[in-house]
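See structure below.
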Amino acid sequence: MRTFSLSNSLPTHPALHRHFKPHSRQAILQCWQNGRASCWPLINSVRINGAPKVQTKGALIKTLASVADVSLDQEAATPSLPKGDMWSVHKFGGTCMGSSERIQNVANIILRDPSERKLVIVSAMSKVTDMLYNLVCKAKSRDDLYLSALDEVFDKHMRTAKQLLEGEDLAQFLGQLHTDVSNLRTMLRAIYIAGNATEAFSDFVVGHGELWSAQMLSYAIKKSGQPCSWMDTRDVLIVNPTGSDQVDPDYPNSEKKLKEWFSSHNPANTIIATGFIASTVDDVPTTLKRDGSDFSAAILGALVRGRQVTIWTDVDGVYSADPRKVSEAVILPTLSYQEAWEMSYFGANVLHPRTIIPVMRLNIPIVIRNIFNLDAPGTVICEQPIDETMDDETADNDINKLVKAFATIDNLALVNVEGTGMAGVPGTASAIFSAVKDVGANVIMISQASSEHSVCFAVPEKEVGAVSAVLQSRFRQALEAGRLSQVEVINNCCILAAVGQRMASTPGVSATLFDALAKANINVRAIAQGCSEYNITVVLKQEDCIRALRAAHSRFYLSKTMLAVGVIGPGLIGRTLLDQLRDQAAVLKEEFNIDLRVMGITGSKNMILSETGIDLTRWRELIKENPEKADLDRFMQHLQENHFFPNKVLVDCTADTEVANRYYEWLKQGIHVVTPNKKANSGPLDRYLKLRTLQRMSYTHYFYEATVGAGLPIISTLRGLLETGDKILRIEGIFSGTLSYIFNNFEGTRAFSEVVAEAKEAGYTEPDPRDDLSGTDVARKVIILARESGLKLELSDIPVRSLVPEPLRVCSTADEFMKKLPSFDAELAKERNDASDSGEVLRYVGVVDVVNKKGLVELKRYKHDHPFAQLSGSDNIIAFTTTRYKDQPLIVRGPGAGAEVTAAGVFSDILRLASYLGAPS
Ligand SMILES: NC(=O)C1=CN([C@@H]2O[C@H](COP(=O)(O)OP(=O)(O)OC[C@H]3O[C@@H](n4cnc5c(N)ncnc54)[C@H](OP(=O)(O)O)[C@@H]3O)[C@@H](O)[C@H]2O)C=CC1
Ligand SMILES: N[C@@H](CC=O)C(=O)O
Ligand code: NA
């Protein structure tokens, strides 16, 4: 018993009142009043009142010690057993005991453990239990091969022992092995003759694997000079069978037997005990069934009141998600018993729930460690662990820390029983589930909305046929009478569960989970969360499973926003963007928690794809040296099928209408779109409206800032005005970087065609400069802004003044056009000179006249002092006249074309997307 005395100040100590609920306070005070009396049971019954730092019983005692001068004395836990806290309990599974080298390795680990007393539970050598079961099967089916199979078992142990042991120890072990095997031969012969074996017979045979491995390990330790005993746990562990494949430990009888064993054996301080095997109260050999050795370790750990139980496996600990599905999954340093329990249900590599119960009752920590990686500290499972890395306030506020882990269950079906006749009718749920029970189906989750019009539940897909049939027949009358409308089966479902004890009572956790799923465009079919709040379960489409797991994991656990990017059109803008992404990727990852990966690059002829992200320092070589034939369908599919990244974006850096026509399909599939290509927003109005409607209805984003004024904030400024309730009256300006450059530099000293060639060279023009000179590019921008302002205009509604000489409109290529342009220089020179003669300059302007619902594009003359006459380079200038900006328009001005600024505009749309998806902004 632990006993302690408390100072006089305890009853009034503020910490006592702050940290503990009334009944706990009472228990503590009772301890205090009893002075050195037996307080541990009372302390054990104390329920912790969410006191952030006082979350384990150990921490409670420490807190009491600090606030109230508690002095701790420790006496033996059980009079005839060595003191509880001295015992360090280990369990080594079959893989750890797989060969002589591995057994020696286990011995070394035990030898290095400095604990005063060690209790080590071992499984049979790997595969031996199966070999032994197989012997029984063969004998039962009168297959003579059981004899040679028994020889194999014998040989395996003899070989191992010979490699591991020597001298007297070896002789003793082999002597025992001979005796056991000859007994087994007799027993198997009896089974062979009877053609049958009782469970006790079978358990007796199968238990030999543990007997031999425990003895070998015990000799190996002794060989190194440390005294060691071995324990046949059939002498100690008493269990009661409670059904097929299940037993309950009989603690009082086991404790009694354990004390007797200690007094009769007077064992060494290190004891190697057999896992898996036990006896019934009638002294019949039996086993602990599935996960038996873990269970043995937990029961024995509890019986000796161990300090901790270490379960040695071949993984570094418990992961935050299945690492085969989420490569960013991390090892959890701590888990509460309840969390481990939840995780184990979902098949995580943790203990079976029943193996947790014995130690959980006594708050003995379980440590999961990797025998093949001793440097890994493993995962500690204990009563609500304290995360020492964060202070209480952060812990409470940080939603990302509240969810510990995520898990999934595949191949489920949802059954939805629906109808108006269910509401307020007691017994409906019971009738449904008793029918389900009758066909032996396992109900994995249940959900019923409070309107009571439907109950839905998930079962393994392979069981749903039987469930559906039994419900149809059991509820035939109700279905025929219309009280139930349907028993619906939804196949191809899976479950995603978020697990974390601290989710309890914390607002925002489920919102964050659902937000992450919505942003990854994942539809949730059903939801369940018990009041314990340890687990939020959502049912999803099977095909979304891994994507959902990754979206949720990255949102909560890594708080990194992962975005898979597909770049279409590595021309001037596309390649500049790729270079900017290359230069900025590391900073975004480290400082902004945004993980951008370019998963594919495609031009019109060639493409390259990657599963994990293209090396952007080498993409030019890769696409030249090892390309695939370009195929936009496959390109999109590649991005879509990569479940690794929950969020995907296609960046269209072409000027192609065919590519733009695909945005609708991409958005519909949950792929975000970012583009500087004007074709979609200035194409047919109905197509544009359909696209915008779809995008507004979904969580999928479509950004196109660079379509007007390149990197200048034109679209976002306009949106800001509209969204805050301003009314746009007129938008007017110089929207073409090319035409701006041309007229800023066409000053009479150089030919028109020469200046056009310069603009093309500088990267201001469209792929075909005729798009700029014809006024079409300006008209497209006018249309984009007009539509954004609510006008329903078509491109053909905008009259344009084309600067492309009539005969050159038919040139088949841009190059041909550029070659022929000089012969038409005289025409524009005249127009320029006329303007100059009257003290004016030429400027190509666009206007969105919202008041009169029209747009226009024209070549106008301006006086030298007009702001439009003062531009330089490729400057755009855009003036917004609005209800709020009426006397003085809001003006945005700056370079409106060019590779760097345009690519930066596209890049900043990608980052805006990342921030919409949850990245810090
Ligand atoms: N230049 C600027 O200042 C600004 C440009 N923009 C816009 O940026 C976009 C790109 O312009 P820019 O980089 O100059 O053009 P480029 O001609 O340099 O590049 C176009 C790219 O698109 C590719 N491409 C064309 N059709 C397809 C297709 N069907 N499938 C896949 N790839 C295709 C081409 O590939 P391939 O070579 O294999 O045919 C090429 O890589 C245009 O929409 C333009 O309007 C917007 C604002 C400013
Ligand atoms: N060619 C365009 C590029 C930007 O959209 C221009 O010159 O403005
Ligand atoms: Na812009």
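From a predicted model like this one, the values you see are computed outputs, not experimental measurements.
- Donor-acceptor pairing under 3.5 Å is lacking for the side chains of Glu383 and Ser336.
- Qualifying side-chain hydrogen bond (donor to acceptor under 3.5 Å, both in side chains) partners for Asp232, counting only residues two or more places apart in sequence or in other chains: Arg234.
- The main-chain N or O of Ile238 is found under 3.5 Å from a side-chain atom of Ser254 such that the two form a donor-acceptor pair.
- Across all their heavy atoms, Ala321 and Leu549 have their closest contact at CB-CD1, 4.3 Å.
- Met97 pairs in a side chain to side chain contact (heavy atoms under 4.5 Å, CB included) with only one of the listed residues (Val106, Thr160, Ile371), which is Val106.
- Not one N or O on the side chain of Glu210 forms a donor-acceptor pair closer than 3.5 Å with the backbone of Val122.
- Using modelled atom types, one finds no donor on one side chain facing an acceptor on the other under 3.5 Å when comparing Asp282 with Thr280.
- With contacts defined as side-chain heavy-atom distances shorter than 4.5 Å, the pair Leu188/Leu150 qualifies.
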TODO: Start with the C-alpha gap between Asp294 and Lys91, add the side-chain angles, then the distance that decides, and say whether salt bridge (charged side-chain N to carboxylate O under 4.0 Å, His left out) holds.
DONE: CA-CA 7 Å; Asp294 287 350; Lys91 179 257 162 176; 2.8 Å; yes
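- Between the side chain of Ser296 and the main chain of Gly292, a donor-acceptor pair closer than 3.5 Å is present.
- Annotation: side chain of Ile409 is in contact with side chain of Ile444 (closest heavy-atom distance under 4.5 Å).
- Residues Ala297 and Ile311 come closest through the heavy atom pair CB-CD1, 4.4 Å.
- Within a 6.0 Å radius of NZ in Lys541, no more than 12 heavy atoms belonging to other residues, nucleotides or ligands are found.
- Distance check: Leu132 CG to Cys137 SG gives 11.0 Å after rounding to the nearest 0.5 Å.
- Using modelled atom types, one finds a donor on one side chain and an acceptor on the other under 3.5 Å when comparing Gln542 with Asp410.
- Using modelled atom types and a 3.5 Å distance limit, the side chains of Ser99 and Glu101 yield a donor-acceptor pair.
- Centroid-to-centroid, the aromatic rings of Phe173 and His157 stay 6.0 Å apart or farther.
- Put simply, the side chain of Thr274 never gets that close to the backbone of Ile277: no donor and acceptor are under 3.5 Å apart.
- Checked against the 6.0 Å centroid criterion, the rings of Phe295 and Phe276 do not qualify as a close aromatic pair.
- Residue Gln172 qualifies as enclosed at atom CD: its count of foreign heavy atoms under 6.0 Å is above 12.
- Checking side-chain atoms of Thr379 against main-chain N and O of Leu332 turns up a donor-acceptor pair under 3.5 Å.
- By the 4.5 Å heavy-atom criterion applied to side chains, Val415 and Val459 are counted as neighbours.
- For the residue pair Ile546 and Lys325, the shortest heavy atom distance occurs at CG2-O, 4.1 Å.
- In summary, Asp235 and Lys257 do not engage in a salt bridge, as defined by a charged side-chain N under 4.0 Å from a carboxylate O.
- The environment of Arg474 atom CZ is dense: over 12 non-hydrogen atoms of other residues, nucleotides or ligands sit within 6.0 angstrom.
- Between His208 and Phe204, the two ring planes are perpendicular [angle over 60°; tilted spans 30° to 60°].
- With no hydrogens or angles considered, a side-chain donor-acceptor pair links Asn370 and Asp316 at under 3.5 Å.
- Residue pairs meeting the side-chain hydrogen bond (donor to acceptor under 3.5 Å, both in side chains) criterion with at least one member in residues 123-146, sequence neighbours excluded, are Ser123-Ser293, Asp144-Tyr192.
- Judged purely by atom type and a 3.5 angstrom limit, Arg547 has no side-chain atom pairing as donor or acceptor with the backbone of Asp544.
- Judged by distance alone, the side chains of Gln215 and Ser213 never bring a donor and an acceptor atom under 3.5 Å apart.
- No salt bridge links Asp314 with Arg369; every basic N to acidic carboxylate O contact stays at or beyond 4.0 Å.
- Counted by atom type alone, His553 and Ser320 present one or more donor-acceptor pairs between their side chains at under 3.5 Å.
- Of the possible donor and acceptor atoms, none in the side chain of Ser115 sits under 3.5 Å from a partner among the backbone N and O of Arg117.
- Here the side chain of Lys223 pairs a donor or acceptor atom with the backbone of Leu164 at under 3.5 angstrom.
- Partner of Met216 under the side chain to side chain contact (heavy atoms under 4.5 Å, CB included) criterion, out of Asp169, Leu177, Ile103: Ile103 alone.
- Within a 6.0 Å sphere centred on CD of Gln226, other residues, nucleotides and ligands contribute more than 12 heavy atoms.
- With hydrogens and angles left out, the side-chain atoms of Gln501 and Tyr337 include no donor and acceptor closer than 3.5 Å.
- Counting only N and O atoms by type, the side chains of Ser100 and Gln163 include a donor and acceptor under 3.5 Å apart.
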